[in-house]
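Sequence lines set the chain letters: A, B, ... in the order given, protein chains first and strands last, and positions in each chain run from 1. Below, all heavy atoms of this structure are taken into account, side chains as well, without hydrogens, waters or symmetry copies.
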Protein chains: 2
Amino acid sequence: MDTPLPRDAGVAAWKQIADALEAGIAAGRPGPGERLPTEAQFAARFGVNRHTVRRALAALAERGLIRSAQGSGSFVEAAPLRYPIGARTRFSEIVSGAGREAYGDLIAATEVPAGAALAAALGIAAGAPVLEMLTRHRADGTPISMGRACLPLPRFAGIDRAYAEAGSLTRAYAAFGVTDYRRLETRITARPADAAEAALLELAPGRVVLVTESVNLDQHGVPIQATRSQFAADRVELVVTG
Amino acid sequence: MDTPLPRDAGVAAWKQIADALEAGIAAGRPGPGERLPTEAQFAARFGVNRHTVRRALAALAERGLIRSAQGSGSFVEAAPLRYPIGARTRFSEIVSGAGREAYGDLIAATEVPAGAALAAALGIAAGAPVLEMLTRHRADGTPISMGRACLPLPRFAGIDRAYAEAGSLTRAYAAFGVTDYRRLETRITARPADAAEAALLELAPGRVVLVTESVNLDQHGVPIQATRSQFAADRVELVVTG
DNA sequence: TCGCATTTGTGCGTATGTATC
DNA sequence: AGATACATACGCACAAATGCG
């Protein structure tokens, strides 16, 4: 053991270990995505039982700093993606601006009649057809968010195919004459992920999603999209400036 | 039973009940804070077993629409407080603007040396003294948020007493020559509440907190406060405009 | 302070229909 | 076709918390 723990300091051993590991991770040792030493190695280094190490690791895992995989090891989670929320929020720009590769999946697209709340948000008649698109967004392969976007339908018929090809909503809009769009306001809530969200976002059960709801307007101020997105709360940090 | 359920519709009975109750709550029957009929009454009304009713209620409780209390009944939760986040975020103004009564509790105030990150945020030397204030905020008696605010210390010595008297940070600042303050940026994350947070916010275990971190500047652009707040995610809706 | 009725929480067992292998 | 697993629904009993007289 290279760092014997003060056992009479009134601080639990697992807490001291957790703090030490957290400080190391904050300093980049090991860096994001890298593997931590095995539990047995930690036990030997700190001169404690492996159970004590496991408790420390569990504390870090619960806070989303690391992720433990049976048979594989414990890994440092990537630093949360800094995700600015504002009038010109664009997933692809944010992710590539962070030096990571953005990718958008189209999970499903169906035509449904608009409910009352949705119709009001889009400024259309209740029951009018909308295109409901289920999407998922990744940065460097890790799922960041998923969302349900509803677009008024006579206007954007077929945009699901354009989106599936382009992988970016901004580029798909361009093919439909939307040169620019902006967001009116964003409402943010949070709750535990349900089963479907956990599966799509590759989340451990019990993890949390940040839910954002917003309406986008085109360059003429016409509503073109009502969106509800779920972000893996461990993997992003929504940033509001101003 | 006054509304026999269609049992061969391919929709689970508990789901139909949950939808019916949700529609009623959305229409204000019963209204926020009011008690729902008992499980036995629902079971009789819909002609199902109490377990089936319980499943419907559990679905609503999980979404934060209702709250069940053993021995007491199930109650409709208040609609989430619309909480705008921006440069001029003020708890008391937001709450009173929503027609509810704002109240701030000072839980504790201690003098501690600033850590590296905190010192950088406040533009002071690492290890310099700061006043750490633990506060809790209520609207109409229900806890909305709690927070840890750190203020640089030679300047704001004694502000904890002013805050405890005034119940509002804005008013306490005024006594220290801060006529106006604004927020640079707010970082938002979310996670399950820990035991201390659940206790202070009167949350059921497993519920979620929205965590916001921000730095406030006074009218001259000098950092006067670094804050981390935890909001009961079921009781607020953070709103970003622009 | 005590006891009791009310109400939700929990556990057990049973039966049924529906996917899936 | 058979076996298995799973979600749904029902019935009964009791525990635990609350509110009230």
Exercise. By a strict heavy-atom criterion of less than 4.0 Å, which residues belonging to residues 61-68 of chain B are in contact with DNA chain D?
Worked result: none
Problem set entry | Residues which pass salt bridge (Lys or Arg N to Asp or Glu O under 4.0 Å) with B:Glu202, listed by chain and number, not counting sequence neighbours | B:Arg138
Exercise. If you look only at pairs with a residue in residues 26-37 of chain B, which of them pass as a salt bridge (charged side-chain N to carboxylate O under 4.0 Å, His left out), with sequence neighbours excluded?
Worked result: none
Problem set entry | Test item: A:Thr52 side-chain N/O and A:Val48 main-chain N/O as donor-acceptor pair under 3.5 Å | no
Problem set entry | Residue-phosphate contact under 4.0 Å: B:Arg54 side-chain N/O, C:dG9 OP1/OP2 | yes
Problem set entry | Separation of C:dT7 P from B:Gln70 CD (nearest whole Å) | 14 Å
Problem set entry | Results of ring pair (Phe, Tyr, Trp, His ring centres under 6.0 Å) for B:Tyr103 - residues two or more places apart only | none
For this session: Using atom CZ of B:Arg50 as one end and atom P of D:dA13 as the other, report the distance to the nearest whole Å.
Result: 13 Å
Exercise. D:dA7 C1' sits how many Å from B:Trp14 CH2, rounded?
Worked result: 10 Å
For this session: Mark yes when over 12 heavy atoms from residues, nucleotides or ligands other than A:Arg100 sit less than 6.0 Å from its CZ; otherwise mark no.
Result: yes
For this session: Going 5' to 3' through nucleotides 13-18 of chain C, assign each nucleotide B (protein heavy atom under 4.0 Å from a base atom), S (under 4.0 Å only from sugar-phosphate atoms) or - (no protein heavy atom that close).
Result: ------
For this session: Would you classify B:Arg55 as touching base, sugar-phosphate or nothing, given that sugar-phosphate means primed atoms plus P, OP1 and OP2, and contacts are heavy atoms under 4.0 Å?
Result: sugar-phosphate
Seminar exercise, completed: B:Glu39 atom CD is separated from D:dC10 atom P, nearest whole Å, by 14 Å
Exercise. Would you say the side-chain atoms of A:Arg235 pair up with the backbone N or O of A:Pro143, donor to acceptor, closer than 3.5 Å?
Worked result: yes
Distances for protein N/O vs nucleotides 1-6 of chain C N/O pairs under 3.5 angstrom?
none

For this session: Send over the distance from B:Lys15 NZ to D:dT8 P, rounded to a whole Å.
Result: 11 Å
For this session: Hey, can you tell me if A:Phe231 and A:Tyr83 have their rings parallel, tilted or perpendicular (30° and 60° cut-offs)?
Result: perpendicular
Exercise. Considering the options B:Arg148, B:Arg191, B:Arg136, which one meets the salt bridge (charged side-chain N to carboxylate O under 4.0 Å, His left out) requirement together with B:Glu197?
Worked result: B:Arg191
Exercise. Which whole-number value in Å describes the distance from B:Leu60 CG to C:dT8 P?
Worked result: 14 Å
For this session: Compute whether any side-chain donor of one residue and acceptor of the other, for B:Ser214 and B:Thr186, lie under 3.5 angstrom apart.
Result: no
For this session: Establish, with yes or no, whether the OP1 or OP2 oxygen of D:dA9 is under 4.0 angstrom from a side-chain nitrogen or oxygen of B:Asn49.
Result: no
For this session: Flag the pair B:Arg171 and B:Glu165 as a salt bridge only when some basic side-chain nitrogen lies within less than 4.0 angstrom of an acidic carboxylate oxygen.
Result: no
For this session: Could you tell me whether the side chains of A:Tyr181 and A:Thr170 share a donor-acceptor contact shorter than 3.5 Å?
Result: yes
